[in-house]
Amino acid sequence: MSLTYDAFRALLDGERLPALVVDLDAFDRNVTRHVSLLRGHALTLRSATKSIRIRTLLRRLLDRGGSTFRGLMCYSADEAASLADAGFDDLLLAYPTLQPGPLRRLAKCVAKGCLIRVAVDSSEGATALARAGASEGVAMKACICVDMSITFGTYFLGVRRSPLHTPEQVLSLAREARTQGLEVDAILAYEAIVAGLPDDVRGSLTNGIKAAIKRRAMPELIDRRAKIVNLLTRDGFALGIANGGGTGSLEQTVHDGSLTEVTAGSGFFKPHLFDAYRSAFVRSLEPACFFALEVTRTPTAEFVTCHGGGYVASGSFDPPKGPLPSLPQGLSLLPHEMAGEVQTPLRLPRGLALPLGSPVMFRHAKAGEVTEHFRRAILVQGGRIVDRVATYRGEDDPS
Ligand SMILES: Cc1ncc(COP(=O)(O)O)c(C=O)c1O
């Protein structure tokens with residue numbers, strides 16, 4: 001972390017709180033760490049927009065990542081269309097939709113020359129996408145999305161994404177999509193079971209099991225991806241893109257020779273869930289995104305209470321998805337209160353006093369999700385505020 005508490009306090013003096021703050025120095029260093037990890041591998045990196053949700057920073061990623069960073073992985077059709085309208089290109093919508101309106105909006109962007117691929121994992125999805133393309137007179141590009149779960153005997157380990165598990169199922173849908181007039185030139189095979197599994201959770205007895213699952217899963221998943229790519233290629237599909245990985249798996253995923261690109265997003269902000277990974281790469285990343293709450297009460301000398309703060313992340317409750325106080329160091333949440341709907345009490349470490357009106361810096365559990373609570377982000381670099389930019393929520397065309 002490049003900024004001390006005193007530096008944050010000085011920067012935020014007179015600012016309206018709560019405030020979202022991005023430390024650009026830390027963000028840029030995280031970008032450099034991603035570029036270094038990919039060096040020597042024939043891979044590019046597609047940034048996951050959901051983990052950023054600030055256009056200025058998406059642009060910064062593409063600029064700073066140079067030839068290593070290529071394109072964006074989007075999470076909704078309207079979002080992808082609004083990014084295309086804003087001048088972004090090479091977009092991969094990674095989560096299928098059947099909605100005719102948003103798909104047609106994407107088809108219009110394609111008709112104007114934007115490169116967009118859409119994830120498809122069902123006949124119905126392929127039909128909806130082909131129809132949207134036909135209505136605008138363009139052939140849409142489909143990216144077949146593959147499930148990357150594994151089984152141990154009858155035990156299922158995965159995240160219930162795509163219904164396509166085997167290479168033969170992938171081929172069958174690819175052929176069907178081609179028949180419908182779609183151009184199939186991409187696969188998406190995200191190993192959530194590795195990328196999304198924190199294996200260094202403090203005090204957890206299952207860390208060793210999770211690490212063993214990852215070790216066992218990765219070779220099997222790499223083998224499955226190779227079979228899928230081979231089968232499709234032999235059937236005449238020219239795959240421009242084979243995408244896999246996420247921040248949590250990147251260190252292993254870069255060794256998969258079947259992939260043309262990896263996806264990552266969370267590592268640029270390094271939210272606190274990523275403190276619980278063994279991966280040396282993940283550990284090398286530094287927190288770059290914070291939110292500041294104002295101290296508005298001092299119930300006793302040992303406690304302060306901040307206004308707001310209950311920005312809890314989505315997903316399972318294990319590990320806990322609430323935010324954590326980050327600076328000043330040593331503050332702790334109260335187990336029966338945690339980060340509350342309208343206020344967040346904190347226990348002070350011995351010897352620390354925080355006057356009313358002071359900021360407290362928090363980290364969210366996930367990356368881009370916290371931006372949903374803010375319309376603006378304060379960008380900090382070299383110890384000064386250098387810009388104030390809109391989050392997706394603050395854009396004219398929110399998605
Ligand atoms: C398809 C896909 N790829 C990659 C990722 C990884 O994103 P991140 O690096 O932000 O964890 C995700 C996260 O959910 C995903 O859904």
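Note that ligands are numbered from 1 as they come in the structure, with each ligand's atoms numbered from 1 the same way. Along the sequence shown, residues are numbered consecutively beginning with 1. Quantities reported herein were computed from a predicted structural model and do not represent experimental measurements. Excluded from the calculations below are hydrogen atoms, water molecules and symmetry mates; all remaining heavy atoms, backbone and side chain alike, are included.
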What protein heavy atom sits nearest atom 16 (O) of ligand 1, and how far away is it?
Tyr95 OH, 2.5 Å
Given that the side chain starts at C-beta and the backbone is N, CA, C, O, which of these parts of Arg161 lies under 4.0 Å from ligand 1, counting heavy atoms, or is it both or neither?
side chain
Which residue and atom name correspond to the protein heavy atom nearest atom 4 (C) of ligand 1, and how close is it?
Gly245 O, 3.3 Å
With rounding to the nearest 0.5 Å, note down the distance linking CG in Asn243 to OG1 in Thr263.
3.5 Å
Value for CG (Leu182) from CD (Gln180), rounded to nearest 0.5 Å, stands at 6.0 Å
Would you say Tyr5 and Gln329 are linked by a side-chain donor-acceptor pair, where the criterion is simply a distance under 3.5 Å?
no
Run the numbers for me: atoms of ligand 1, each under 4.0 Å from some heavy atom of Gly265, listed by number.
8 (P), 9 (O), 10 (O)
Report yes if some heavy atom in the side chain of Leu57 is under 4.5 Å from a heavy atom in the side chain of Phe269; otherwise report no.
yes
Name of the residue among Asp147, Leu164, Ile144 meeting side chain to side chain contact (heavy atoms under 4.5 Å, CB included) with Asp121
Leu164
For atom 13 (C) of ligand 1, which protein heavy atom lies nearest, and how many Å away is it?
Lys50 CE, 3.2 Å
With no hydrogens and no angle check, just 3.5 Å: does a side-chain donor-acceptor pair link Thr253 and Glu191?
yes
Between Phe291 and Tyr311, is the gap from one ring center to the other below 6.0 Å?
yes
among protein heavy atoms, the one nearest atom 9 (O) of ligand 1 is Thr247 OG1, 2.7 Å
At a 4.0 Å cut-off, with the gap strictly under it, does some heavy atom of Ala264 reach an atom of ligand 1?
yes
re atom 6 (C) of ligand 1, the protein heavy-atom contact at minimum distance is Gly246 CA, 3.6 Å
List the closest protein heavy-atom neighbour of atom 8 (P) of ligand 1: residue, atom name, distance to the nearest 0.1 Å.
Ser266 OG, 3.3 Å
